[in-house]
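Throughout, a chain's letter reflects where its sequence line sits, starting with A, and its residues are numbered from 1.
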Amino acid sequence: MARYNPKETEAKWRTAWESADIFRAVIDPNKPKYYVLEMFPYPSGQLHVGHARNYAMGDVVARFKRARGFNVLHPMGWDAFGLPAENAATERGVSPQAWTFDNIAKMREALKRLGLSIDWSREFATCEPSYYGRQQAWFQKLLARGLVYRKEGVVNWDPVDMTVLANEQVIDGRGWRSGAPVERRKLNQWFLKITDYADQLLEGLASLDRWPDKVRLMQENWIGKSQGLRLTFAFAGSAPEPSEETECAVDGVSVYTTRPDTLYGASFLAIAPDHPLAERLAAREPAVADFIALCRQGGASAAEIESAEKLGYDTGIRVVHPFDSNNQLPVWIANFVLMEYGTGAIFGCPAHDQRDLDFARKYNLPVTPVVLPPDEDPALFHVKQTAYVGPGTIYNSGFLDGLDIDAAKTAAVARIEELNAGVGATVYRLRDWGVARQRGWGCPIPIIHCTSCGVVAVAAADLPVRLPDDMDFSQTGNPLARHPTWKHVACPACGAPATRETDTLDTFVDSSWYFARFTNPSAEAPIDPVAADYWLPVDQYIGGIEHAVLHLLYARFVTRVLADEGMLDVREPFAGLFTQGMVTHETYRRQNGEWLEPGQVDIAVEGETRRARALDTGEPVTIGEPVKMSKSKRNVVAPDDIAEVYGVDAARLFVLSDSPPERDVQWTNAGVEGASRLINRIWTEFDALNAPQARVGPGDEEAATSLRRSMHRAVKAVTEAIEGFRFNSAVARLYEFVATIRACPSTSVTATARTEALSALARLVAPFAPHLGEACWAALEAPGLVTLADWPGYDAALAQDGERLLPVQINGKRRGEVRAPAGASDADVEKLVRESPDIIQRLQGLTVRKVIVVQDRIVNLVVG
RNA sequence: GCCGCCGUAGCUCAGUGGUAGAGCGCAUCCUUGGUAAGGCUGAGGUCCGGAGUUCAAUCCUCCGCGGCGGCACCA
């Protein structure tokens, strides 16, 4: 009898898997395929238990599907471009290549020790020319399709990372990586026309029935489709000084509205401070320029916007109401109007829009209600400090009077179109994806600038455009731009001296197609059509919720573009999505504020309180709330350290068991110890297979039958829990099953039932604790590897008990119980209840008014 | 402000229109040849609060409270 030795056992089985090469995925048209993928990691060099949880989830799915007869693809790679490598280069003088590949080597080993069933033959890093060169190849196709364009625009500039950020990468006015307040700068910038796909990206969400509603909702909000009307209010009298260089209509002000039904309630127009008309006015009127400057002072954070007071400036310009030429409206510049949305101009209808109302009250503009709430008297209804935005009937509105809101919208749009004053329009909140970054460690944009030919694509034969090996990271800014020779090339069109584009692509471009490359990472073309057709879409994708509108939207967009290019056959990359929670750990802090690692702290439990002290000085340490593991708070736990003490399987089991997968899990030593004990208990049962059996006792037959039932129940429950992504429930069922097996005496009578149960247990536990599963399988002397064994089946009938214990309620309170055969009819059960001595006593002197029998569950007597 | 999720034992969480559960922790005891452990037993609950529907509500509905997340002067 030997104690379970996780270190030895785990190493042994990992070697066995590797030498049998069983995780290599090969196309097999005769088997159903299953592609399971976790979001690939950034090679930071440190693997923490958060990674372990993420990849363990995917591994459970991969191993389960394999056992269910699927041809499983489960690859791994590296999202290897990005700033940390540049920072390391600047701080330590190492090359970003060397730093990145060194980290990859460390993390690969750490991942391999987790016992993941990954096809490592497909591994690649996005910073390899063989990957990013193919990315450049399809980027050229987008360029040819007109989906890439360059425009001078206001961009989000991160002053710390010294680069441009996409809108999706600005969180609460701050850079998503640096956390620095984002500045607005005018720059020449490369964009991908994601807005061309706005409608289909929105509609496609409906087909993603295996995505969390939450993520679909977030993408829907982000795309922000709205239906409305774009119309032009003509200038009254002569137009203000026209200008050719501005896009704004020269004969009026173009506005966008979703409430054309309230047009008769318009009392002013408001334009954004950076609207071309405002800028034109500012050029000749200093007062306007001063006002615009005032507007720009305010911060961009949510709190500042919330509290910002509405500011306006009356330009003196007047426009004509499209439905009533006698009605002239003033044009104001207002700080609450955004240039980025719609046309950068609105008509103000104060009665039915709170912002417009606040503005109108401040500047004494008229407030005319045009929507009458139900059951209100038109003579008495007034809008005071709260705009009315509910349903109602249109009034005070000429030809729209009497219509409901929807009918009035349609009628107003039709009339405006008749008048040639505007058109019905759909507007999206989504804006084009700015993809250029002024960084050196990224995929070079394969474009050449020629003074005579303009923007020229690098010829296909000249791809990949490789990064130089000798970039200088000792200064801030873009090392590609200041490299002495790299950017100087001959123009592919005319041969004259020209320069390369020195911006690189956003790393989110790298991660927007890697899942397709995994289907054949050595293909000459970016995507091998045969492999992609077989493997795609990804059947189960797993990753963090933080990418709900970043990576997941970009990947959907790129997939559609590549499909339109004929490179892919699917239009949605991820058929199933699961967003997992984080692993958190409490924090420890000395009195002087210094953070301590878990290993530097000793924790004593006194009753219900826990006290911590520093191991070195013995001083008391403050225990902080569990938060996401981070280097700065030093609460990171490395899977390797856990594996050393408890084994990898214990760590996997714990991170999957203690919390529902979509929620955060709090890492505790006690939790891993619990998992480790379970592993020992399981192993003890298998290890005892050859031990002499106990003497046969009374009740052994019943014990054997009961164990069989438990087995079928456990197989059913674990199977359903894995399919439903409820890994914590699956592990809970395993705990129960193990307890049942242990409770069943080991005799010659129960031997067969016990062996069956253990055989099922080995296979049920294998997806979670694969090394243990193999050890158990070997102890059973079962053929081959448990990893390749079929998933156990179950008999639904056997999973049921033959006899049920039914609680009996009297007026809703539990008063007794009866035994009845499973499936007994209502009448039979009622008879049993009426014969039960307990119940008869309870019912003395009472009349039974009603009997409710819920089959196999409960009986309720209503008495009085 | 709008939208979503969550609230069950000390902690982390299952669960169900009908008997309130697991792991960890805690307590008692046993074992010390399963031993850098193992086991028995036990205590511990206003299922966030209130109202409604129902024979019966932790579960369904409504109104609150608290926590978390997303979006946000988006016209």
**Q** Would you mind pulling out the nucleotide paired to B:rC60, Watson-Crick or G-U wobble, both distances under 3.5 Å?
**A** B:rG52
**Q** With respect to the side chain of A:Asn728, which nucleotide from B:rC13, B:rA75, B:rC3 is positioned closest?
**A** B:rC13
**Q** In the structure shown, which nucleotide is the Watson-Crick or G-U wobble counterpart of B:rC29, with both distances under 3.5 Å?
**A**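 Paired with B:rG39.
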**Q** Give a yes or no on whether a salt bridge exists between A:Asp199 and A:Lys225, defined as a side-chain N under 4.0 angstrom from a carboxylate O.
**A** yes
**Q** Does B:rG23 have its OP1 or OP2 closer than 4.0 Å to a side-chain nitrogen or oxygen of A:Tyr735?
**A**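 For A:Tyr735, the contact criterion (side-chain N or O under 4.0 Å from OP1 or OP2 of B:rG23) is not met.
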**Q** For A:Asp358, give me all partners under side chain to side chain donor-acceptor pair (under 3.5 Å), at least two apart in sequence or on another chain.
**A** A:Gln354
**Q** Angle between ring planes, A:Phe359 versus A:Phe268, binned at 30° and 60°: parallel, tilted or perpendicular?
**A** tilted
**Q** Whether A:Glu220 and A:Arg216 form a salt bridge (side-chain N of Lys/Arg under 4.0 Å from carboxylate O of Asp/Glu) is what I want to check.
**A**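 Not counted as a salt bridge, because no side-chain N and carboxylate O are separated by less than 4.0 Å.
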**Q** Go through the structure and list residues passing side chain to side chain donor-acceptor pair (under 3.5 Å) with A:Glu644, not counting sequence neighbours.
**A**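 Here the qualifying residues are A:Lys7.
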**Q** Output one line per pair: protein atom, nucleotide atom from nucleotides 38-45 of chain B, and distance, for all N/O pairs under 3.5 Å.
**A**
from: B:rG39; atom 1: OP1; to: A:Arg742; atom 2: NH2; distance (Å): 2.6

**Q** Using both distances under 3.5 Å as the test, list the Watson-Crick or G-U wobble partner of B:rC47, or none.
**A**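 Across all strands, not a single nucleotide pairs with B:rC47.
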**Q** Judged by each residue's nearest nucleotide on RNA chain B, which is more toward the 5′ side, A:Ala345 or A:Met218?
**A**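 The answer here is A:Met218.
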**Q** Strictly under 3.5 Å: I want the nitrogen or oxygen pairs between protein and nucleotides 27-33 of chain B, one per line.
**A**
none

**Q** Sequence neighbours excluded, which residues qualify as side chain to side chain contact (heavy atoms under 4.5 Å, CB included) partners of A:Phe686?
**A** A:Ile682, A:Trp683, A:Leu689, A:Leu758, A:Leu761, A:Ala762, A:Cys776, A:Ala779, A:Leu780
**Q** Is the glycosidic torsion of B:rG23 within 90° of 0, making it syn, or is it anti?
**A**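 For B:rG23, whose glycosidic angle is more than 90° from 0, the conformation is anti.
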**Q** Name the closest nucleotide to the A:Thr258 side chain, picking from B:rA75, B:rA72, B:rG15.
**A**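 Of the candidates, B:rA75 comes closest.
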**Q** Could you list the residues that satisfy side chain to side chain contact (heavy atoms under 4.5 Å, CB included) with A:Ser397, not counting sequence neighbours?
**A**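 Here the qualifying residues are A:Tyr264, A:Val370, A:Ile394, A:Leu400, A:Asp401.
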**Q** Pick the C1' atom in B:rA9 and in B:rG23, then give their distance to the nearest Å.
**A**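 Looking at atom C1' only, B:rA9 and B:rG23 are 12 Å apart.
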